[in-house]
Amino acid sequence: MTNAILRGCLFIGGAGALLLWTAPDSFGLEVNKPVPTERREAMSLADAVLKALQNNLDISIGRQTRESRLADIVIEQAKFDPTVSLNGQYNRQVSPLNRPILGFTGANLQEITKFDQNSHSLTADITQNLPTGANYDLNYSPQRSYVSGPNTFLFNPAWTGGLALTVTQPLLKNFGTDINKTFISIAQNNATVEQHVFLDRVLTVIASVEQTFWEMVFANENLKVAQAALKAAEELLASNRAKAKAGVMSIVDVLQAEAAVASRVEQILVAEKSIRDQEDQLRRLLNPAEEELRQDLRLIPTDPPVTSLEAISLQEAIDIAMERRPEVLQAGKNVESSDLNVKFAKNQLLPTLSVQGTMGLSGLGADYGDATRRNLGGDFYNYGAGLVLSYPIGNRSAYSTYNKRQLESRNAQSSLQSVRQQVIVGVREAVRRVHTDFKRIETTRSARIMAEKQLQAEQERLKVGLSTTRFVLDFQRDLATAQGNELRAVLDYNKSLSNLARNKATTLERYSLRLD
């Protein structure tokens, strides 16, 4: 890699977009030799982006928040999971009898008699809420009972079995799959919204890395401009000293040249500080370990800035932004969730009218198998059906909630409209900035070329005694300013391209990245 910076071509992210750039002559300056004790690391823009996406703290927080939204979907879906319960009991009851019990005491009761009964029971129950709004309860409860003492029961011990099913289906309020899956849909929308928020964070981090990277490139190139200005001032000082020694130039010219050299040294110091500041800013975005951040590391940017104009269609850029901008997609999902809330709240205004049906089978036997066979035989059964109607007087809570959800829906619609307007204005401004900054490259390049010619002409005039040191120094300063302006225009153009990609939400495509 040559010291003439950023010449040649660049493939960004393997996307196959070849960006050609040829540095102006004012950029091809010598770089100071690296200090042996300093650690240096060459870094491309794509490498910086990938490191930031892997390690940036905002990205890590976004990932965790996104996972929590996915868990909310499971929480809502779990409300339709069946619940199984088991209840086993043993009971013994020894009680005095005050009246005869058929099958135990006979027809008459002559004295206080103990009634000693013990029982074992097991109840298995399955309940579940269904997406239609219905719920069922399936109950199976076998029981063994034994009465001690002389008795004339048919079975002692006796086994009984009971199998019962109860189903309740709302007909108005809470009826239908769409209503009962409202909160699942809202949770899914919230997860999608969080996905868009995460994408927005990713795009913001990439844009920050790109902006900082190009500022670091500018700081490095600005140092070269300052070094070239110092070299020119030093050459003029050496020439003036020689002429003053020969008696053909006054000491004032020497002093003016010395003052210019001192001023150029100050500019180099400021430029070097700016480089270190930008390096630290970039390293912070990459989020290295604290120990690594404490170390002194010099980052050497390897990517050249783009100086060719990309074809940009304003309307196409706006259309792309409307399709991809996370803010627009997020606002759209919020509108959808608000509509679901309105629909659910409207359903809650209806009376509660439910149809309920029950049916059961029972059996009796000398043992469990006998009881179960009789239980499933269908000889002993029960069934029933009924309607349940309820409605709160006034129903103020439901009406207030419905009005609130309508207001939230209108606010969501207004937010979507506002976001779309902001996106349009942002894209228009980003496109204008790209065109303006590209034109700045052309104008600043022309200004730099004119400054070079003016300086060369003034130096020739100085050689033949038709000019002064002050004029030459002024033209040197003007050339350094023109070089800096050209450099700033080039880097601003690249930052504008980054800003436009951010506004269109196409940044990931530039690096062939995809969010899973």
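Quick note: residue numbers are just sequence positions, from 1.
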R461 vs E458, salt bridge (Lys or Arg N to Asp or Glu O under 4.0 Å): CA-CA, chis, key distance, verdict: CA-CA 5 Å; R461 286 169 54 83; E458 200 64 26; 3.8 Å; yes

Note: E234-K231 ion pair, threshold 4.0 Å (strictly below): no

Modelled atom types, side-chain donor and acceptor of Q348 and N174, under 3.5 Å: yes

Step-by-step salt bridge (Lys or Arg N to Asp or Glu O under 4.0 Å) determination, E442 to R445: CA-CA 5 Å; E442 298 175 345; R445 179 179 293 123; over 6 Å; no

Verdict with supporting geometry, R66 and Q195, side chain to side chain contact (heavy atoms under 4.5 Å, CB included): CA-CA 6 Å; R66 183 183 57 177; Q195 180 78 1; 2.8 Å; yes

Side chain proximity check, I268 to L223, heavy atoms < 4.5 angstrom: yes

Sub-4.5 Å side-chain heavy-atom contact between R276 and K273: no

Residue pair L236 / L462, side-chain heavy-atom distance below 4.5 Å: yes

Any pair counted as ring-ring contact (aromatic ring centres under 6.0 Å, His included), so long as it reaches residues 431-467, sequence neighbours left out: F438-Y493

Heavy-atom side-chain proximity of I186 to F344 below 4.5 angstrom: no

Over all atoms of both residues, closest heavy-atom pair of D339 and S409: OD1-OG, 3.2 Å

Other residues, nucleotides, ligands: >12 heavy atoms within 6.0 Å of K243 NZ: yes

Within-4.5 Å side-chain heavy-atom neighbours: L237 and V254: yes

Note, Y511 side chain near L45 side chain (heavy atom, < 4.5 Å): yes

Pair S250-D253, side-chain donor/acceptor within less than 3.5 Å: yes

Any M43 side-chain heavy atom under 4.5 Å of L286 side chain: yes

pair V425-Q421: side-chain heavy atoms closer than 4.5 Å: no

T65 versus E194, side-chain donor and acceptor atoms under 3.5 Å: no

Trace of the salt bridge (Lys or Arg N to Asp or Glu O under 4.0 Å) decision for E279 with R284: CA-CA 9 Å; E279 289 174 347; R284 184 185 65 82; over 6 Å; no

Evaluation steps, salt bridge (Lys or Arg N to Asp or Glu O under 4.0 Å), between K504 and D319: CA-CA 9 Å; K504 295 193 301 180; D319 291 339; over 6 Å; no

Any side-chain donor near an acceptor of the partner, T469 and N240, under 3.5 Å: yes

